[in-house]
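The structure appears right after this line, and notes come after that.
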Amino acid sequence: MSILRPGDEKFHYSDGSHKWIPPDPDYDQEVWDEQVRQHKQGHLRNEKPKVRIQRLV
């Protein structure tokens, strides 16, 4: 599960999904796409592993 930081709300709908259409219709779609991509990368960097590996001795 990722953590929302201040300012992240502009990239999310109320259900937590990501906004792929910029909030301002005059905003450049390619720039928005790159910002969302970088935002999603931030989620991945902050995510803890879901599987714990146990070493057998």
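- Between Trp20 and Phe11, the ring centre distance reaches or exceeds 6.0 Å.
- Taking 4.5 Å as the limit, every side-chain heavy atom of His12 sits out of range of all side-chain heavy atoms of Ser17.
- Once rounded to the nearest 0.5 Å, the distance linking CD of Gln35 with NZ of Lys40 reads 15.0 Å.
- With sequence neighbours left out, the side chain to side chain contact (heavy atoms under 4.5 Å, CB included) criterion links Asp24 to Asp26, Tyr27.
- Residue Glu34 holds its CD atom at 11.5 Å from CG of Asp28, rounded to the nearest 0.5 Å.
- Under the 4.5 angstrom side-chain criterion for Ile, Leu, Val, Met, Phe, Trp and Tyr, Tyr13 has no cluster partners at all.
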Evaluate the criterion side chain to side chain contact (heavy atoms under 4.5 Å, CB included) for residue pair Val36 and Lys19; output intermediate values, then yes/no. CA-CA 8 Å; Val36 173; Lys19 295 180 180 179; 5.8 Å; no
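- Crowding of Glu30 atom CD: a count of heavy atoms from other residues, nucleotides or ligands under 6.0 Å not exceeding 12.
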